[in-house]
**Q** 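Dropping a structure here in structure tokens format, bear with me for questions.
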There are 2 protein chains.
Amino acid sequence: MTYQLDEQVGFLLRRAHQRHTALFAEHMPAGLTPTQFSALARLNERGPMSQNLLGREIAVDAATIKGVVDRLVTRGLVAVAPDQEDLRRVTVSLTEEGVAFVAECIPIAQEVSELTLAPLADRERTQLLADLDRLASGVQPEARSPSS
Amino acid sequence: MTYQLDEQVGFLLRRAHQRHTALFAEHMPAGLTPTQFSALARLNERGPMSQNLLGREIAVDAATIKGVVDRLVTRGLVAVAPDQEDLRRVTVSLTEEGVAFVAECIPIAQEVSELTLAPLADRERTQLLADLDRLASGVQPEARSPSS
DNA sequence: AGATATTCATTCGTGTACACATGAAAGTCG
DNA sequence: CGACTTTCATGTGTACACGAATGAATATCT
């Protein structure tokens, strides 16, 4: 009875994410998706790594990262090579073109973040990011226990 | 250089939404998805409406709502009927089974919302929901203008 | 070493999510 | 009324997103 869809976290998270995605698509070049950019940004931050690890690093499962990497390879932004030490692994790394491309995209990504957060004041932004991180991590608020 | 993927709103929104979806899947019966439930909940709140309007009411585009409604029809939770006044429209309504099913699901949905928000204290929850709503709506904070 | 378990990459199937195009039906305006 | 525009439903194509299964390679443990 008292259930209001518009007040549910899940629904609000979906709509907020939806607006961010729209802003991203509007400002990023050549149909680069948020997930694709995340992969590029992570490789840029941490260097080459196996495909599965890259997926873990950006919270994308093994089945999904496969397609993401494939598309980045097609665009020439990323290269894959077999790992010598572990024959199961495929190492993913940025190409020269990929490095240059990420450099171009980062300022745009920052602008998109800014536009997404535009409705909030600085203090609120900081708080929101911290809270979202806790939601994403599922951190339990320390139950007041005698220990510690 | 100073770009940190883990601190970007878009990335955090995606991960928070991801955790919510996982909790939803874990607790909801029979593989009902958040989007499917949103449709049912909206029909329950507002009564029968055209398929496109239902999509608008839950922020899902026309192409997507088609598939959602089709699956709900297959499950027997929803029925579609041609609108007499407007021959383009298809009216979507809950079936008896659908009404009973939503009633069962609502308490579970509330539990999922509770679990999703578990990392936050009450005051933080209220603030987060308000902020997410503003992000989703893209409301511009009134620039301090002389007028009004 | 040998049996067992885990990891990695891949494939399949299902379900959003959205851009774009199309045809039928309304609505609008001169 | 007739031309123009908008709305509605639908279809196509692309891109996540994830569960489940598979086979090869590696790790673990006795």
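Within every chain, numbering begins at 1; the chains are lettered A, B, ... in the order of the sequence lines, protein sequences first and strands thereafter.
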**Q** Can you check the E85(B) CD to dA24(C) P distance for me, whole Å?
**A**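 Spelled out: CD on E85(B) to P on dA24(C) is 23 Å.
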**Q** Do T95(A) side-chain atoms and G76(A) backbone N/O form a donor-acceptor pair below 3.5 Å?
**A**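 Such a contact is found between T95(A) side chain and G76(A) backbone.
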**Q** Would you kindly give the CZ-to-C1' distance between R89(A) and dA9(C), to the nearest whole Å?
**A**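 In whole Å, dA9(C) C1' lies 12 Å from R89(A) CZ.
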**Q** Which whole-number value in Å describes the distance from M49(A) CE to dT7(C) P?
**A**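 One finds 18 Å between P of dT7(C) and CE of M49(A), rounded.
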**Q** In whole angstroms, how far is the P atom of dG11(D) from the CD atom of Q51(B)?
**A**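 The answer, rounded to whole Å, is 10 Å.
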**Q** Can you measure R56(B) atom CZ to dC8(D) atom C1' for me and round it to whole angstrom units?
**A**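 About 9 Å, once rounded to whole Å.
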**Q** Given atom CG of D86(A) and atom C1' of dT7(C), what is their separation to the nearest angstrom?
**A**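 So the two atoms are 8 Å apart, to the nearest Å.
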**Q** Fit a plane to each ring of H17(B) and H17(A), take the angle between them on a 0 to 90° scale, and name the class: parallel (under 30°), tilted (30 to 60°) or perpendicular (over 60°).
**A**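 H17(B) vs H17(A) ring planes: parallel.
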**Q** Taking all non-hydrogen atoms of both residues into account, name the closest pair between L54(B) and R42(B) and its distance.
**A**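 So the two residues come closest at CD1-CB, 4.1 Å.
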**Q** Between R75(B) and E97(B) (salt bridge meaning N to carboxylate O under 4.0 Å), is one present in this structure?
**A**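 Looking at R75(B) and E97(B), the cut-off is not met.
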**Q** Under the rule for side-chain contact (heavy atoms from CB on, under 4.5 Å), what residues qualify as partners of R88(B), not counting sequence neighbours?
**A**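 For R88(B), the residues satisfying side-chain contact (heavy atoms from CB on, under 4.5 Å) (neighbours in sequence not counted) are D86(B).
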**Q** Rounding to 10°, can you tell me the angle the first-five-pair axis of the helix from dA1(C)-dT30(D) to dG30(C)-dC1(D) makes with its last-five-pair axis?
**A**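 That helix gives 30° between its end axes.
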**Q** Between E57(A) (CD) and dC8(C) (P), how many Å, whole number?
**A**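 For the pair E57(A) CD and dC8(C) P, the rounded distance is 12 Å.
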**Q** What pairs meet the salt bridge (charged side-chain N to carboxylate O under 4.0 Å, His left out) rule with one or both residues in residues 111-120 of chain A, with sequence neighbours excluded?
**A**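 Only E114(A)-R125(A) qualify under salt bridge (charged side-chain N to carboxylate O under 4.0 Å, His left out).
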**Q** Please compare L87(A) and A59(A) by the position of their nearest nucleotide in DNA chain D and report the one closer to 5'.
**A**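 Looking at the nearest nucleotide for each, A59(A) comes out on the 5' side.
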**Q** Can you sort out which residues in residues 60-83 of chain A have a heavy atom within less than 4.0 Å of DNA chain D? Ascending by number, please.
**A**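 Heavy-atom cutoff 4.0 Å gives V60(A), D61(A), A63(A), T64(A), V68(A), R71(A).
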**Q** So which heavy atom on A109(A) is nearest to which on Y3(B), and how close?
**A**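 The pair with the smallest heavy-atom distance is CB-OH, 3.7 Å.
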**Q** Can you name the atoms? Protein N/O to nucleotides 21-23 of chain D N/O, anything below 3.5 Å, with the distance.
**A**
none

**Q** Distance-only, no hydrogens or angles: does the Q18(B) side chain make a donor-acceptor pair with backbone N or O of A59(A) under 3.5 Å?
**A**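 Checked: pair present.
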**Q** Can a donor-acceptor pair be found, under 3.5 Å and without considering hydrogens, that links the side chain of R14(B) to the backbone of I58(A)?
**A**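 Checking the backbone N and O of I58(A) against the side chain of R14(B), a donor-acceptor pair under 3.5 Å is found.
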**Q** Using atom types as modelled and distance alone, determine if a side-chain donor or acceptor of Q51(A) lies under 3.5 Å from a backbone N or O of T91(A).
**A**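 Not confirmed, Q51(A) side chain does not pair with T91(A) backbone.
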**Q** How many Å lie between CZ on R14(A) and C1' on dC18(C), as a whole number?
**A**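 The distance from CZ of R14(A) to C1' of dC18(C) comes to 12 Å, rounded to the nearest Å.
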**Q** Strictly below 4.0 Å, heavy-atom distances to any atom of DNA chain D: list the hits from residues 18-47 of chain A, or just say none.
**A**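 Listed by number, they are T33(A), T35(A), Q36(A).
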